[in-house]
Protein chains: 2
Amino acid sequence: MEVIRRNTEYAIRALVHLAANREAVASAWEIAGSQDVPVEFLQKILQKFVKRGIVDSHRGAQGGFSLAKEPGEVTLLEVVETMQGKLAMNRCFLGRDGCPRSPNCPLKQNWLRMEEQIASHMAGITLQDLVDQVRESSRFEVRGERQ
Amino acid sequence: MEVIRRNTEYAIRALVHLAANREAVASAWEIAGSQDVPVEFLQKILQKFVKRGIVDSHRGAQGGFSLAKEPGEVTLLEVVETMQGKLAMNRCFLGRDGCPRSPNCPLKQNWLRMEEQIASHMAGITLQDLVDQVRESSRFEVRGERQ
DNA sequence: CTATTTAAGACTATTATAGTCCTGTATTAG
DNA sequence: CTAATACAGGACTATAATAGTCTTAAATAG
């Protein structure tokens, strides 16, 4: 099973790109190219972040997208939830109006605790952290490759 | 997003049923009825646990299924993994043979840590725990309902 | 022998995700 | 003012994953 969806992964990569080139305005086309994402799809994705106020958009020639906040202030949790909503271990399905077993469901509390664990873990990671880590590791790579 | 799938939920309920009526052999039909699960579908599900040695099956008249292990020895993790495989936050998709960004992927370690957290949480819960919790909470209910 | 019940695989239906396309509107360079 | 650029948004299609059904075979209790 897979928790993080494709478009969420795309979103993260795009935002890391924006965070790395802070100040600059990058077009969807440019981002898509550098991050291996279908352009039209990426546009859709970025729109969600614009609505959430995480990304600014600039129409017209020389337009594009830029981060609306400091990279240190955008958490992975926000990004993931923007794309796929609140992560749930299990919203109980049976029963039209909520799970009929709900009162004595032995798992509810456990699922909730796991959800909280993941959420708080994600809330502790910011775009800035990701940018830093990428820089760190690519420094090694470049050194290695230079002869 | 939803981590636990429908059939996994069915599986858990079925196993809790078997754990609660330890020793007894219950037919798929009986379990399905008491747990609101489509019978044929449940059969498919139980087969997986038979193969894993978690459930014993008994063919023929008066046959059915029974737990092959002590309820305290079957963990939620085993159950979930039997149904949906190892839980992954994100197996990176791009690239035929693994993610090309892998070397400097800023998230890999984070995803792994989260996966471990969830897995160890689930490994700490057994069918016995679930049965106990159900008994606990239904005691209240019965009391409440008896006028 | 016959009812019952699991085993197993093929098949279908439904839903979720991924991806495309088209039309419109704002912006800006010239 | 105009043409080119680039986002906005909705409709549409494709693909894949999940859920669920059906059919035939094999085992076993009585």
Side-chain angles (χ1 to χ4, degrees), chain A residues 1-14 18 24-33 35-68 80 82-85 87-88 90-94, chain B residues 1-11 13-14 18 24-33 35-68 80 82-85 87-88 90-91 93-94:
Chain A
M1 226 273 134
E2 188 80 12
V3 177
I4 298 301
R5 289 201 305 247
R6 190 101 132 239
N7 55 6
T8 306
E9 162 96 18
Y10 289 163
I12 297 170
R13 294 219 292 261
L18 290 179
V25 171
S27 70
W29 180 86
E30 182 188 331
I31 303 172
Q35 305 291 323
D36 296 332
V37 181
V39 202
E40 303 92 336
F41 199 27
L42 182 65
Q43 293 222 38
K44 280 281 150 58
I45 292 168
L46 286 169
Q47 281 174 26
K48 296 196 185 195
F49 290 91
V50 172
K51 280 187 186 151
R52 280 246 181 160
I54 294 171
V55 163
D56 281 336
S57 71
H58 314 274
R59 288 189 174 191
Q62 310 307 313
F65 299 90
S66 60
L67 255 201
V80 170
T82 297
M83 293 310 295
Q84 40 191 75
L87 184 128
N90 179 340
R91 64 171 170 276
C92 309
F93 355 77
L94 294 172
Chain B
M1 228 273 133
E2 189 79 9
V3 177
I4 298 301
R5 290 200 303 245
R6 189 101 132 238
N7 55 7
T8 306
E9 162 95 18
Y10 289 163
R13 294 218 294 262
L18 290 179
V25 171
S27 70
W29 181 85
E30 181 189 332
I31 303 173
Q35 307 290 322
D36 296 332
V37 182
V39 201
E40 303 92 335
F41 199 28
L42 181 63
Q43 294 222 36
K44 280 281 150 59
I45 291 169
L46 286 169
Q47 282 175 25
K48 296 196 185 193
F49 290 92
V50 172
K51 280 188 185 150
R52 281 246 182 161
I54 294 172
V55 163
D56 281 335
S57 70
H58 315 275
R59 287 189 177 190
Q62 309 308 314
F65 300 91
S66 59
L67 255 202
V80 171
T82 298
M83 292 310 296
Q84 41 193 74
L87 185 128
N90 180 339
R91 60 170 173 276
F93 356 76
L94 295 171

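Throughout, a chain's letter reflects where its sequence line sits, starting with A, and its residues are numbered from 1.
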Worksheet item: Can you find a heavy atom in the side chain of I31(B) that is under 4.5 Å from one in the side chain of V37(B)?
Response: no
Side-chain donor-acceptor pairs of residues 55-68 of chain A under 3.5 Å, sequence neighbours excluded:
from   : atom 1 : to     : atom 2 : distance (Å)
H58(A) : NE2    : S66(A) : OG     : 3.0

Fill in: Distance in angstrom units between D56(A) CG and dC7(D) P, rounded
13 Å
Practice prompt. Take atom CD of E40(A) and atom P of dG10(D), then tell me their distance rounded to the nearest Å.
Written response: 17 Å
Practice prompt. Tell me what G60(A) touches on the nucleic acid: a base, only sugar-phosphate, or nothing, going by heavy atoms under 4.0 Å.
Written response: base
Worksheet item: Just to confirm, is there a sub-4.0 Å distance from OP1 or OP2 of dG20(D) to any side-chain nitrogen or oxygen of Y10(B)?
Response: yes
Worksheet item: Within this structure, what is the CZ-to-C1' distance between F65(A) and dA26(C), rounded to whole angstrom?
Response: 13 Å
Practice prompt. Measure from CG on N7(B) to P on dA17(D) and round the result to the nearest Å.
Written response: 15 Å
Discussion item. Please tell me if S27(A) has a side-chain N or O lying less than 4.0 Å from either OP1 or OP2 of dC7(D).
Written reply: no
Practice prompt. Classify the nucleic acid contact of Q62(B) as base, sugar-phosphate or nothing, counting any heavy atom under 4.0 Å across all strands shown.
Written response: sugar-phosphate
Worksheet item: What's the CG-P distance between L42(A) and dA6(D), to the nearest Å?
Response: 14 Å
Worksheet item: Can you tell if the side chain of I4(B) reaches within under 4.5 Å of the side chain of Q84(B), non-hydrogen atoms only?
Response: yes
Item to complete: Identify, between A61(A) and F41(A), the residue whose nearest nucleotide on DNA chain C lies closer to the 5' end.
Response: F41(A)
Worksheet item: Does dA25(D) pair with anything, Watson-Crick or G-U wobble, both distances under 3.5 Å, and if so, with which nucleotide?
Response: dT6(C)
Discussion item. Between dT6(C) and K44(B), counting only base atoms on the nucleotide and side-chain atoms on the residue, is there a donor-acceptor pair under 3.5 Å?
Written reply: no
Practice prompt. Measure from CD on Q47(A) to P on dG10(D) and round the result to the nearest Å.
Written response: 9 Å
Practice prompt. Taking all non-hydrogen atoms of both residues into account, name the closest pair between M83(B) and T8(B) and its distance.
Written response: CB-OG1, 3.4 Å
Item to complete: Look at all strands and tell whether K51(B) reaches a base, only sugar-phosphate, or nothing, counting heavy atoms closer than 4.0 Å.
Response: sugar-phosphate
Practice prompt. Give a yes/no on whether any side-chain N or O of R6(B) is located under 4.0 angstrom from OP1 or OP2 of dA19(D).
Written response: no
Fill in: Nucleotide of dA18(C), dC7(D), dA7(C) approaching S57(A) most closely (side-chain heavy atoms)
dC7(D)
Worksheet entry | Euclidean distance, atom CD1 of residue I45(B) to atom P of dA8(C) [Å, nearest integer] | 16 Å
Item to complete: Starting from P on dA6(D), measure out to CD1 on I31(A) and report it in whole angstrom.
Response: 12 Å
Worksheet item: Given that A26(A) and P38(B) both sit by DNA chain D, which one's nearest nucleotide is further toward the 5' end?
Response: A26(A)
Item to complete: May I ask you to verify if any side-chain N or O of R59(B) is less than 4.0 angstrom from the OP1 or OP2 atom of dT28(D)?
Response: no
Practice prompt. In plain terms, say whether K44(B) and E40(B) are close enough for a salt bridge, that is, a side-chain N and a carboxylate O under 4.0 Å apart.
Written response: no
